[in-house]
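Values reported hereafter were calculated over all heavy atoms of this structure, with side chains retained and with hydrogens, waters and symmetry mates removed. Within every chain, numbering begins at 1; the chains are lettered A, B, ... in the order of the sequence lines, protein sequences first and strands thereafter.
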Amino acid sequence: MQPLFLYNTLTRKKEEFKPINPPLVGLYVCGPTVYSDVHLGNCRTFISFDMIYRYLVHLGYKVRYVRNITDAGHLEGDRDEGDDKFAKKAKLEQLEPMEIVQKYTVGFHDVMRAFNNIPPSIEPTATGHICEQIEMIKQIMDKGFAYETEGTIYFDVEKYNKDFSYGQLTNRKLDELLEGTRELSGQDEKRGRLDFALWIKAKPETLMRWPSPWGWGFPGWHIECSAMSSKYLGDVFDIHGGGMDLQATHHTNEIAQSQACNHKAPVNYWMHTNMLTVNGVRMSKSAGNGFLPGELFTGDHPLLEKGYSPMAVRFFMMQTHYHSTLDFSNEALQASEKGFERLMDSYSTLQTLKAGSSSSEDIKALQTKCYEAMNDDFNTPILVAHLFDAARIVNSANDNKLSLTQNDIDLLKTIYQNFVFDVMGLQTEQENSKANAVLAKVMSMVLDIRNKAKVDKNFPLSDEIRNKLTDAGVQIKDGKEGSSWKI
RNA sequence: GGUCCUGUGGCCGAGUGGCUAGGCUCAGCUCUGCAAAAGCUGCUACAGCGGUUCGAAUCCGCUCGGGACCUCCA
């Protein structure tokens, strides 16, 4: 097997991937906070890691893929106080906090399915791991890196930085970080400006609360990922992923928590996906420029000229490297839509290709190039370029402009199966199969009638049939060996 | 203000020192009764200025533009 290289945020270098216990691989990805609909930016991260997961599996690794659901403790605002997001949203929608969680978890899963993402091996929730989080906080306190102020526990960043190094993930020194933060206001209970909450004391009106050694409260945001990742993947595991916006705070604090706990760096490879932008500006909840996946599919949004299918969107994302920003525009989306269609059409053509006695193309070399692209930090844009080469070869062979042996045809089928479907997770958009079977018969009959008209040189009739079919959304392609159609 | 990323042909987007991806668009050709589809060909670009080098989109410096993080966000 060729070595796989991936970009490690921690070292800011492409490194060869060497799992701790091959063929086992531990992969943790920060999942969504389920207090509102997922928007497309989140989806990009999950689609990227779905592709990464799929490729690792394709290479033969046994991957335990953990992606959490944050359903508690994620605070509003920059201070570690006030209600959590669920309680706030619950008040707004007049629902129980757990009703909010349920509603948006279901919605999240629906969207993941639409994008053909494989569910993770384990999808733990924060509320299901309160004990583990309390236990971890206790350990951090025992090691002396956290302190209690009136029922709230804070992580002592400056003390931690004396023994370890805080902020390696963003390559920054503590002093620089301290300069960048705002002054502590009088009401703050924490000692250091960068200190963050591990456990937050519940107010009398707080709905989501749990008992702890420090009284009733709820966990801080960062501790859940540390607690759950170590529970399911061990104190040190292979890959931790998430969006780039989590790098500076959330992931930096995860490292601090784990290291304070057991004096080991928790993760060997940190991988971050880049942001999605709309007209050059980052799509985010706070900027309010995001559209929901549902709106994207239907086209029901002021920024969208039309709807785009989940697979066209997924393909669009695959045409950009996960580490680059991706700008959303109607033109770009429509270009991808057509390209995707061409690729999938060539796949159908491939199924009917007749073998020749010799080959003029080196399909094996093409396959090797596909692996090289993926082994170079999951370079899907290059992979796509090679797959379009394959499409060109298939179409040319179909036109009898070049010849392929049965072995080559079979190898092409393997390439499509492996890379288009298994690794990139694309799929043909299937309609109801029973209706399809009927339609196929009807179309075959219609094309027969039209063909007879053509033989009789009754072109007005054949053109009328073609035009009316076009209006109905069926495209006719006249080839040398008869006509074919597609929707 | 601090830290960092980025600027590629009409559009989107790969590419870290020579062999100059790919998709979409546009034009021409082949095929076709005519179209469409498909194939072929063309449009050959790297913000600007300077430097290093036999050779730079790729390395260095400066200038200008865009963006991110430092505060909840994938």
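In this structure, Ala385(A) reaches the bases: a heavy-atom distance under 4.0 Å links it to at least one base atom across the strands shown. Backbone-only contact: Ser396(A) has heavy atoms under 4.0 Å from sugar-phosphate atoms and none from a base. At the heavy-atom level, Asp463(A) lies under 4.0 Å from base atoms of the strands shown. Within 4.0 Å of Gly241(A), counting heavy atoms only, lies no atom of the nucleic acid at all. The residue Arg342(A) sits close only to the backbone: its heavy atoms come under 4.0 Å of sugar-phosphate atoms, none of a base. Here His321(A) lies in heavy-atom contact (under 4.0 Å) with sugar-phosphate atoms only.
With a cut-off of 3.5 Å on both Watson-Crick or G-U wobble distances, the partner of A68(B) is given as U3(B).
Look at Ser324(A) and you'll find a side-chain N or O under 4.0 angstrom from OP1 or OP2 of A14(B). Asn395(A) has a side-chain polar atom (N or O) that falls below the 4.0 Å cut-off from OP1 or OP2 of G39(B). Not one side-chain nitrogen or oxygen of Lys454(A) sits closer than 4.0 Å to the OP1 or OP2 atom of U32(B). A sub-4.0 Å separation between OP1 or OP2 of C70(B) and a side-chain N or O of Thr249(A) is present. Between Asn42(A) and A74(B) there is a side-chain N or O to OP1 or OP2 distance below 4.0 Å.
Nearer the 5' end of RNA chain B, as judged by each residue's closest nucleotide, is the contact made by Phe316(A), out of Pro32(A) and Phe316(A).
Ring-base stacking between Phe388(A) and G23(B) is not satisfied when judged by a centre separation under 5.5 Å and a plane angle under 30°.
No more than 12 heavy atoms of other residues, nucleotides or ligands lie within 6.0 Å of NZ in Lys457(A), so this atom counts as exposed by the packing criterion.
No donor-acceptor contact under 3.5 Å links the side chain of Asp389(A) to the base of G22(B). At a cut-off of 3.5 angstrom, the base of G33(B) holds at least one donor-acceptor pair with the side chain of Ser462(A). Side-chain atoms of Arg392(A) and base atoms of C40(B) include no donor and acceptor less than 3.5 Å apart.
Going from the C1' atom of U8(B) to that of C43(B) covers 16 Å, rounded to whole Å. The P atoms of C19(B) and A36(B) are separated by 37 Å, rounded to the nearest whole Å.
The interatomic distance linking Arg12(A) (CZ) with U16(B) (P) rounds to 19 Å, in whole Å.
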